[in-house]
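A quick write-up on the structure given underneath.
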Amino acid sequence: MTMLEPAPTRRLSRLPRPFTILTTGGMTGVMDLASALCSFGYRIPDFSVDVHEGVSCSCIQCTVALTSAECTEFADRVRTLPGVLSVEPSC
């Protein structure tokens, strides 16, 4: 008689995926977006911001740990936030 062991479950691996996000609202807009990203529960190991006084938009470069399936969901979710102009994967 042989015993069958349950097949090991395959865990989806989250890889660091870079994104560029353009937002309005200056430093306040960036801080609001950073708070929203934290509330989503994603792991964000890198986050940098380029804000200049008198310029209409700010650029955020961030790396988010996501599975392949979560990439589109992440971008779509961030696009719905107030002040976000674009969310693009960066290479």
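Scored by the side-chain hydrogen bond (donor to acceptor under 3.5 Å, both in side chains) test, Arg77 finds no partners at all (sequence neighbours excluded). Scanning for ring pair (Phe, Tyr, Trp, His ring centres under 6.0 Å) contacts around Tyr42 gives Phe74, with sequence neighbours left out. By the side chain to side chain contact (heavy atoms under 4.5 Å, CB included) test, Cys38 pairs with no residue at all, sequence neighbours left out. When the side-chain hydrogen bond (donor to acceptor under 3.5 Å, both in side chains) test is applied to Glu88, no partner is found at least two apart in sequence or on another chain.
In summary, of the residues considered (Thr80, Thr72, Val78), a side chain to side chain contact (heavy atoms under 4.5 Å, CB included) with Asp76 occurs for Thr72 alone.
A distance of 4.5 Å separates OG of Ser13 from CG of Leu15, quoted to the nearest 0.5 Å. Here the CG atom belonging to Asp46 is positioned 13.5 Å from the CZ atom belonging to Phe19, to the nearest 0.5 angstrom. Distance check, rounded to the nearest 0.5 Å: CD of Glu73 to OG1 of Thr67 gives 8.0 Å. One finds the CG atom of Leu81 at 8.5 Å from the CD1 atom of Ile21 (value rounded to the nearest 0.5 Å). Between the CG atom in Leu33 and the CD1 atom in Ile60 there is a gap of 4.0 Å [rounded to 0.5 Å].
Two residues are said to be in side-chain contact when any heavy atoms from C-beta on lie closer than 4.5 Å; Val30 and Val51 meet this criterion. Using a 4.5 Å heavy-atom threshold, the side chains of Thr20 and Cys59 count as touching.
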Stepwise side-chain contact (heavy atoms from CB on, under 4.5 Å) check, Arg14 with Leu66: CA-CA 4 Å; Arg14 288 188 163 80; Leu66 300 169; 5.7 Å; no

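There is a path of hydrophobic side-chain contacts, each under 4.5 Å, that joins Phe40 to Val87. No chain of hydrophobic side-chain contacts below 4.5 Å, direct or via other Ile, Leu, Val, Met, Phe, Trp or Tyr residues, connects Val55 to Val49.
Taking all atoms of both residues into account, the shortest heavy-atom contact from Ala65 to Glu70 is O-OE1, 4.4 Å. Closest non-hydrogen pair, Ile44 versus Cys62, comes out as CG2-CB, 4.2 Å.
Checking side-chain atoms of Thr24 against main-chain N and O of Cys57 turns up no donor-acceptor pair under 3.5 Å. Judged by distance alone, the side chain of Arg17 and the main-chain N or O of Cys71 form no donor-acceptor pair under 3.5 Å.
The other members of the hydrophobic cluster of Leu85, by chain and number, are Leu22 (side-chain heavy atoms under 4.5 Å, ILVMFWY only).
Residue pairs meeting the ring-ring contact (aromatic ring centres under 6.0 Å, His included) criterion with at least one member in residues 43-68: none, sequence neighbours excluded.
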